[in-house]
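Here the structure is a predicted model, which means the values were calculated and not measured. Residue numbering restarts at 1 for every chain, and letters A, B, ... go by the order of the sequence lines.
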There are 2 protein chains.
Amino acid sequence: MTKRTHRDPTASDPLDRGAGLTAWRQIADRIEADIAGGLFKPGEKLPGEMQFAQRFGVNRHTVRRALGTLAARGLVRATQGGGTFVEFKPLPYTIGRKTRFSELMAKAGREARGELIGSAETVAAADIAEALGIETGSPVLELVTLHRADEVPISMARTWLPLPRFAGIDATYRQTGSLTRAFARHEISDYSRLSTRISARIANAEEAAHLELSRGRVLLVIDSINVNQHGHRIQATRSLFSADRVDLVIDQ
Amino acid sequence: MTKRTHRDPTASDPLDRGAGLTAWRQIADRIEADIAGGLFKPGEKLPGEMQFAQRFGVNRHTVRRALGTLAARGLVRATQGGGTFVEFKPLPYTIGRKTRFSELMAKAGREARGELIGSAETVAAADIAEALGIETGSPVLELVTLHRADEVPISMARTWLPLPRFAGIDATYRQTGSLTRAFARHEISDYSRLSTRISARIANAEEAAHLELSRGRVLLVIDSINVNQHGHRIQATRSLFSADRVDLVIDQ
DNA sequence: AGGTATTTGTGCGTATGTATT
DNA sequence: TAATACATACGCACAAATACC
């Protein structure tokens, strides 16, 4: 392959036509190699599709197909009118008994912020009731939150808390931007994880919008139950992480 | 909606045309409700597309679109010439320090079997070498295995073992169908997990074929390192699970 | 604030090579 | 061999979102 150590995005760099590999696959491989080799760095804007087309001597559709596969694998992200950008490497996210989002981010040198998207008083469905150890139909508070590190959305979560024990904690969360700090104002000085269950699926349109993901990206889904210092269940949460932005590290 | 308690797959069951919902979405919802309601049970073959078309008074293409969305969500699986089948509920797969696939399956009342797809002597890449605590370029044995529960593929794994310590263990694995038993013949009486890292992505064609998945399904990817009774690193593994068939339960 | 250029997204039509039936 | 389906690739045009001046 042609080594590219400097950057003239339109310099002719023809493909190996007639070989076994299709044009779009060769293009995808070369761009991926340029990313891996550091020619294009995370967060950086790639050359335009027309420039790639000129460089490789192909139609723009062919370049789009190549970039499409890279986008599907989470290596790049295209925004209409803006350009195509190299994605950042996944952030290691440690899951342990005492995982705190804000502490993890602080350790990684990134600023954490939790945002309350919505809250509602509702009644516990069967699965939520079982998780919280209460009767089905008991009143619960449901919070929907979005978590960012340096303004990049990392996860969104739906949290259920028993009522009336935690009445008003949504307002506290909105002020503090952290469940740990909101708990502190409701006399929960310490809490830890009782159980964790992990699955994965494709993001739906609403989830993709909140997490600023392109369509069809993969989510890691984490269902967890937290208990207070006395072992009583106080919280059930379903967290959604972009699998492209986060690796889960199990701390056992 | 029409309640269906018996099963005449062609009995007329018209849609709510002209309402806000498209025909294919209504059909998908009804079939999903029938699965959730237990009319169609896991592993069972659904009525043919033509029968659904007759039942709902639509074209077969409309039924295909509905079944396509259910297949994309992992609820059903279509096989050409065979029919469309209801998928099983996800199997809880516990990840702990001493997770053993065969024991887990035995506990779930299912028969476990490991199959050696391939093995090769190679040299450790940087990441494998780091995981095993050896020098990059050291000789390692690479095993590719497929794991089934009651003949259904649950996971496939790529395992790296240092050489010459484990020379010939591929043959032992082929005989025993279990890494635990193969280790036993190489004087590893006990081993446990040192680290676990979880991500998720879409299956490629080869992985989908081995795991008997339709295209575009989601995989849980688990990178783990195992140590022997003395704490020495003996094994690095990358396991791929179909996210539709398995839920990971973290045992902390 | 507004208009223009740039860039990605989408649709259509056409042609070609390959694999299947 | 013929018919068919499918993936690949090219060309043109326009829409939609963004960036820039």
Distance in angstrom units between [X] [atom1] and [N] [atom2], rounded:
X: A:Arg77; N: C:dG9; atom1: CZ; atom2: C1'; answer: 16 Å
X: A:Gln54; N: C:dT6; atom1: CD; atom2: P; answer: 14 Å
X: A:Leu15; N: D:dC10; atom1: CG; atom2: C1'; answer: 14 Å
X: A:Leu46; N: C:dT7; atom1: CG; atom2: P; answer: 13 Å
X: A:Lys45; N: D:dC20; atom1: NZ; atom2: P; answer: 7 Å
X: A:Gln80; N: C:dG11; atom1: CD; atom2: C1'; answer: 14 Å
X: A:Met50; N: D:dA13; atom1: CE; atom2: P; answer: 13 Å

Worksheet item: Can you tell me if the side-chain N/O atoms of A:Thr22 get under 4.0 Å from OP1 or OP2 in D:dA7?
Response: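 It does not, given that no N or O in the side chain of A:Thr22 lies less than 4.0 Å from OP1 or OP2 of D:dA7.
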Please table the atom pairs, donor to acceptor, closer than 3.5 Å between any side-chain atom in residues 65-83 of chain A and protein atoms at least two apart or in another chain.
| from | atom 1 | to | atom 2 | distance (Å) |
| --- | --- | --- | --- | --- |
| A:Thr69 | OG1 | A:Ala66 | O | 2.7 |
| A:Arg73 | NH1 | A:Glu32 | OE1 | 3.2 |
| A:Arg73 | NH2 | A:Glu32 | OE2 | 2.9 |
| A:Arg77 | NE | A:Glu87 | OE2 | 3.2 |
| A:Arg77 | NH1 | A:Glu212 | O | 2.7 |

Worksheet item: Closest heavy-atom contact between A:Ser119 and A:Asp170?
Response: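 Smallest interatomic distance, heavy atoms only, reads OG-OD2, 3.0 Å.
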Worksheet item: Is there a side-chain contact between B:Asp247 and A:Ile198, using heavy atoms and a 4.5 Å cut-off?
Response: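 The answer is no; the side chains never approach within 4.5 Å.
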Worksheet entry | Side-chain touch A:Gln235/A:Leu179, heavy atoms, less than 4.5 angstrom |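 Sidechains of A:Leu179 and A:Gln235: in contact.
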Fill in: Close residues, residues 56-66 of chain A, relative to DNA chain C [heavy-atom separation under 4.0 Å]
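Hits under 4.0 Å, by residue number: A:Arg60, A:His61, A:Arg64.
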Fill in: Heavy-atom neighbours of B:Gln175 CD exceed 12 at 6.0 Å
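Above 12, so yes.
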Worksheet item: If you measure only the distance, is there a donor-acceptor pair under 3.5 Å linking the side chains of B:Thr159 and B:Thr237?
Response: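 Short answer, yes.
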Discussion item. Heavy-atom nearest nucleotide on DNA chain D for A:Gly82 versus A:Trp24: which residue maps closer to 5'?
Written reply: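 Checking each residue's closest nucleotide, the 5'-ward one belongs to A:Trp24.
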